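If you're wondering where the values come from, they're calculated on a predicted model, not measured in any experiment. Numbering of ligands and ligand atoms starts at 1, following listing order.
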Amino acid sequence: NGSASDDTHILPSPEDLKLFKLSQKYTAEATKRLRPDGVDQFIPLKKSGGERLRALAEDPWVDHTALNAKKCPVAEGTIYKFLILGAGYGGLLLAAHLIDASLVTEPDDLRLVDAAGGFGGTWWWNRYAGLHCDVESYTYMPLLEETSYVPTHKYASGTELREHADRIATQWNLHDKAFFRATVKTVRWDEASQLWKVEVTEDRGPSEPSRELSLQAQYVLLASGILAIPQVPKIPGLDSFSGPIFHTARWDYKLTGGTPEDPTLTGLEGKRVGIIGTGATAIQVVPKLAKYAKELYVFQRTPSVVSWRGQRPTDPVKWKTKIAYKKGWQRERRLNYDLYQTDAAEQGQENMVADGWTEMPAYSGLLGSPRHPIVEPTPDKIAEHVGRLFKLDMAHSERMRARTEEIVKDPETASKLKAWYPCWCKRPTFSDEYLQAFNQENVHLVDTDGKGVDNANQSGLVVAGKEYPLDILILGTGYVTPAVGGGSPAARAGIEIYGRGGKSLDDKWRNNHGAATLHGICTNGFPNLFFMPLAQSGQAVNNVFTLDVGAEHIVHFVACAEARAGQGAVIEVTSPAEEAWTFEIVKQAAWHSSMAGCTPGYLSNEGEFLRHQQQQAKQAQDPAAQFRQARHGTWTRGIASYLKVLQGYRDEGSLQGVEVTART
Ligand code: FAD
Ligand code: NDP
């Protein structure tokens, strides 16, 4: 009998067995999707093979006539103090904080440059039917306290989010400071003048030739976004499809009917519509298409996790008494939201937002957590860390699969819509309409079993030898990963940046020893160049929180430097200081081992972690590549902890590790 109890002692618990089986299923599903071409399976829309596809990248919303009639906001020969690349929420936050800090005093002190035809970035380009923010708008929309704006709903629509960008531009007087339709190509440090030379192409529409301009700026601030370059998979024959095609980031309302404000898509009536992709975009689009298309075919490679939404109008009383009830409420609410995604909420603590995002402590697998120690890079500690996260995720993931089964009536379709990966592997989605749409007779799920669409031809798409004839094809195929070019801020903006001695920023990131920054916002050899935090910084699910923290910190550097060296300050982080910060990041890198089991997607750089793990198993991994990867990690104690570190640095006040000189 004694031996029986010993056996029980060594037997895994039923929960451990379940987890083990689940992790095997997850690995099998991820491996099925792992492709040797990784990110190269895609191409930016504007660089794709056929002219027709390339043209789809153009700005559908720009008013060339109005912009051509306006006085050009920039002139060659003028020295701009701040040149902000990007006029989305990031660029606007930088501009507003610079102005509020009294760093913009002259008319030529500030310019925003953007390829788009207006303010808003993501919310300028994306106007697809069903578009809303996926995190609560009260925490997401920037500068709500300063603008006194009350969002109409818990999740604001795309139009409302774009109008808010205009509101910020108006309040901070930015309309005549924005150079639109202007694509930055090269940013080069000029040692003699100690200024940046910025090469820009201005698109003046079909009736005028484009213009090449060379601008000069003391500071260049990059706010070029993380999901700004629409991409298309290299599906053979795609260009030969004879019907209309468009990408969701450039919605074609002339074709579909309706407007962003009123998605009555009558143009789809009687039509067979296909959409490729089932990511966060498709989850919002599909219910709208399902309402109008005669037949809708949803081509799925990997299902999304679809949680509940709970959209509702803002209650004006609650707004005044519980939400915007005191100065500093928005930062407090953002931090409170973040607690729940970084596994840091205390028992009994108030959950201010209380939505689907706050039911996912395992999302800390991506964001990090202040609650858990830094993961030592040893096999047993890594196994313990990943095991803990799987355990933390299991109940939620099972609930999501059960939710799918409850909503989708056809068991086979329901089974194909279930997601087999932990929540941190892909951005989760929230909808009370998407899964329901598959109960409509006109909606067909074409599951490709992880393989993707085989090819396209004149009449439609082909999957597993079966042809699906279509009248209209919509590409919901996402964006170039922000990890492009090893995560270099230059590659992310699609530009070349040359610093001191003509050194390329991409080269520093990709070919030398890898990323090196102070706090994720500046790098040695590139004076007066700052970028919004991504690698080597704290991240939040609410991207605007990260942008706000980044803008605040960048402005602090400039304000301190000016206090010390006057208006012509030249700021540069020293090499030892950036190495010291990078070392802090490298120490935390083993946290990201949680990404190794992830199904490919842009967050896992199309399975790079899994590929590395498999190479490692074959002992084929290059240690230098491994070290470079570790340097590209994030601050894995969560954004609240990152913010505390930045605050401590600012309070100390001496700009440690930064050299400040004055332009001569
Ligand atoms: P963007 O809004 O992407 O703006 C960057 C701007 O830089 C663009 O207008 C682009 O044209 C310009 N630009 C880039 N390179 C160049 C160049 N070389 N020359 C000139 N101009 C250039 N995040 C959330 O937290 N919650 C959400 O709900 C959410 N929803 C999203 C929905 C969609 C469809 C997408 C694509 C992303 C979403 N995101 C969301 C992420 C979103 O991108 C950020 O929240 C935020 O809006 C980014 O702001 P940004 O200013 O940093 O970048
Ligand atoms: P994603 O990259 O998330 O989705 C692209 C989709 O295209 C995936 O389902 C992908 O499958 C599929 N796909 C790619 N190639 C093929 C192929 N060859 N055959 C079949 N399918 C293919 O892009 P999204 O635009 O959906 O979202 C990007 C990000 O933007 C989100 O993660 C989110 O951060 C943000 N966003 C937020 C929204 C919000 O709710 N406010 C709305 C929209 C976007 P696979 O997964 O297998 O790669």
Legend entry - Proximity of R127 to ligand 1 by residue part, where a heavy atom lies under 4.0 Å: neither
Legend entry - Proximal atoms of ligand 1 relative to G88 (non-hydrogen, under 4.0 Å): 4 (O), 51 (O)
Legend entry - Nitrogen or oxygen atoms of C133 and ligand 1 under 3.5 Å apart: no
Inset, instruction - Apply the test side chain to side chain contact (heavy atoms under 4.5 Å, CB included) to residues F246 and I474: give CA-CA distance (whole Å), side-chain angles for both, the deciding distance (0.1 Å), then the verdict. - result: CA-CA 5 Å; F246 62 87; I474 302 175; 3.7 Å; yes
Inset, instruction - Anything under 30° is parallel, anything over 60° is perpendicular, the rest tilted; go ahead and classify F531 against W509. - result: perpendicular
Inset, instruction - Say whether F545 and ligand 1 are in contact under the criterion: heavy-atom distance to a ligand atom below 4.0 Å. - result: no
Inset, instruction - Using non-hydrogen atoms of the residue, decide whether W125 is closer than 4.0 angstrom to ligand 1. - result: yes
Inset, instruction - Would you check whether Y140 reaches within less than 4.0 Å of ligand 1, judged by its heavy atoms? - result: yes
Legend entry - Lys/Arg cation over aromatic Y149: R167, 6.0 Å, 45° cone: yes
Inset, instruction - Flag A115 as yes when one of its N or O atoms lies below 3.5 Å from any N or O atom of ligand 1, and as no otherwise. - result: yes
Legend entry - Heavy-atom side-chain contact between H164 and T147 under 4.5 Å: yes
Legend entry - Heavy-atom nearest neighbour in the protein, as seen from atom 4 (O) of ligand 1, with distance rounded to 0.1 Å: G121 CA, 3.5 Å
Inset, instruction - Before accepting this row, confirm whether a basic side-chain N of the pair R309/D355 lies closer than 4.0 Å to the acidic partner's carboxylate O. - result: yes
Legend entry - Top protein contact for atom 20 (C) of ligand 1, by heavy-atom distance: A182 O, 3.2 Å
Inset, instruction - Measure the distances from the heavy atoms of E136 to every atom of ligand 1 and state whether one is below 4.0 angstrom. - result: no
Inset, instruction - Considering the heavy atoms of W123, write down every atom of ligand 1 situated less than 4.0 Å from one of them. - result: 29 (C), 30 (N), 31 (C), 32 (C), 47 (O)
Inset, instruction - Starting from atom 19 (N) of ligand 1, locate the nearest protein heavy atom and write down its residue, its atom name and how far away it is, to 0.1 Å. - result: V184 N, 2.9 Å
Inset, instruction - Heavy-atom contacts with S224 under 4.0 Å: which atoms of ligand 1 show up? List them by number with element. - result: 5 (C), 7 (O), 14 (C), 15 (N)
Legend entry - Heavy-atom nearest neighbour in the protein, as seen from atom 6 (C) of ligand 1, with distance rounded to 0.1 Å: D114 OD2, 3.3 Å
Inset, instruction - Pull out every atom of ligand 1 sitting under 4.0 Å from any heavy atom of G86, numbered as shown with elements. - result: 6 (C), 7 (O)
Inset, instruction - May I ask whether I229 has any heavy atom positioned less than 4.0 angstrom from an atom of ligand 1? - result: no
Inset, instruction - Around atom 13 (N) of ligand 1, find the nearest protein heavy atom and jot down its residue, atom name and distance. - result: L85 CD2, 3.8 Å
Legend entry - Ring centres under 6.0 angstrom apart (Y337, F545): no
Inset, instruction - Would you mind running through ligand 1 and noting each atom that sits below 4.0 Å from a heavy atom of T183? - result: 19 (N), 20 (C)
Legend entry - T517 versus Q536, side-chain donor and acceptor atoms under 3.5 Å: yes
Inset, instruction - Report the residues that fulfil disulfide (SG to SG under 2.5 Å) with C425, sequence neighbours left out, ordered by chain and then residue number. - result: C598
Inset, instruction - Would you please classify the geometry between the Y363 ring and the W357 ring as parallel, tilted or perpendicular, with 30° and 60° separating the classes? - result: perpendicular
Inset, instruction - State whether a side-chain donor-acceptor pair under 3.5 Å links Y421 with E29. - result: no
Present, as a list of atom pairs with distances to 0.1 Å, all nitrogen or oxygen contacts under 3.5 Å between ligand 2 and the protein.
unit_1: ligand 2; atom_1: 7 (O); unit_2: G476; atom_2: O; d: 3.4
unit_1: ligand 2; atom_1: 9 (O); unit_2: T278; atom_2: N; d: 2.9
unit_1: ligand 2; atom_1: 9 (O); unit_2: G279; atom_2: N; d: 3.4
unit_1: ligand 2; atom_1: 19 (N); unit_2: V453; atom_2: N; d: 3.1
unit_1: ligand 2; atom_1: 25 (O); unit_2: T281; atom_2: OG1; d: 2.6
unit_1: ligand 2; atom_1: 26 (O); unit_2: A280; atom_2: N; d: 3.1
unit_1: ligand 2; atom_1: 26 (O); unit_2: T281; atom_2: N; d: 2.9
unit_1: ligand 2; atom_1: 26 (O); unit_2: T281; atom_2: OG1; d: 3.4
unit_1: ligand 2; atom_1: 32 (O); unit_2: Y602; atom_2: OH; d: 2.7
unit_1: ligand 2; atom_1: 34 (O); unit_2: Y602; atom_2: OH; d: 2.9
unit_1: ligand 2; atom_1: 40 (O); unit_2: Q284; atom_2: NE2; d: 3.0
unit_1: ligand 2; atom_1: 41 (N); unit_2: H132; atom_2: O; d: 2.7
unit_1: ligand 2; atom_1: 41 (N); unit_2: D134; atom_2: N; d: 3.2
unit_1: ligand 2; atom_1: 46 (O); unit_2: K426; atom_2: NZ; d: 2.6
unit_1: ligand 2; atom_1: 47 (O); unit_2: R301; atom_2: NE; d: 2.8
unit_1: ligand 2; atom_1: 47 (O); unit_2: T302; atom_2: OG1; d: 2.5
unit_1: ligand 2; atom_1: 48 (O); unit_2: R301; atom_2: NH2; d: 2.9

Inset, instruction - Please write down residue, atom name and distance for the protein heavy atom closest to atom 49 (O) of ligand 1. - result: L547 CD1, 3.6 Å
Legend entry - Donor on one side chain, acceptor on other, K185 and T201, under 3.5 Å: yes
Inset, instruction - Take Q539 and S537, measure what side-chain hydrogen bond (donor to acceptor under 3.5 Å, both in side chains) needs, and give me the verdict at the end. - result: CA-CA 6 Å; Q539 292 295 311; S537 68; 3.0 Å; yes
Inset, instruction - Pick whichever of V544, T122, T546 has a heavy atom sitting closest to atom 3 (O) of ligand 1. - result: T122
Legend entry - Numbered atoms of ligand 1 (with element) below 4.0 Å of I495, judged on heavy atoms: 18 (N)
Legend entry - Element-labelled atoms of ligand 1 that are located less than 4.0 Å from some non-hydrogen atom of N542: 25 (O)
Legend entry - Closest protein heavy atom (residue, atom, distance) for atom 53 (O) of ligand 1: G225 CA, 3.1 Å
Inset, instruction - For residues P600 and R35, determine if any side-chain heavy atom of one lies less than 4.5 Å from a side-chain heavy atom of the other. - result: no
Legend entry - Geometric N/O contact N543 with ligand 1, under 3.5 angstrom: yes
Legend entry - W124 six-ring centre to R127 NZ/CZ under 6.0 Å and within 45° of normal: yes
Inset, instruction - Give a yes/no on ligand 1: does A493 have at least one heavy atom closer than 4.0 angstrom to it? - result: yes
Legend entry - Parallel, tilted or perpendicular: ring planes of W420 versus Y26, cut at 30 and 60 degrees: tilted
Legend entry - K234 atom NZ, neighbour heavy-atom count above 12 within 6.0 Å: yes
Legend entry - F119 ring center within less than 6.0 Å of H175 ring center: yes
Legend entry - Per-atom contacts of ligand 1 with G90, taking only distances under 4.0 Å to non-hydrogen atoms: 50 (P), 51 (O)
Legend entry - Mutual orientation of the aromatic rings belonging to F438 and Y434 [parallel < 30°, tilted 30-60°, perpendicular > 60°]: perpendicular
Inset, instruction - Decide whether an N or O pair under 3.5 Å exists between V541 and ligand 1. - result: yes
Legend entry - Under-4.0 Å salt bridge between D449 and K32: yes
Inset, instruction - Starting from atom 28 (O) of ligand 1, find the nearest protein heavy-atom neighbour and note its residue, name and distance. - result: D134 N, 2.5 Å
Inset, instruction - Report, as yes or no, whether the 6.0 Å neighbourhood of atom NZ on K46 holds more than 12 heavy atoms from other residues, nucleotides or ligands. - result: no
Legend entry - N/O separation below 3.5 Å, H132 to ligand 1: no
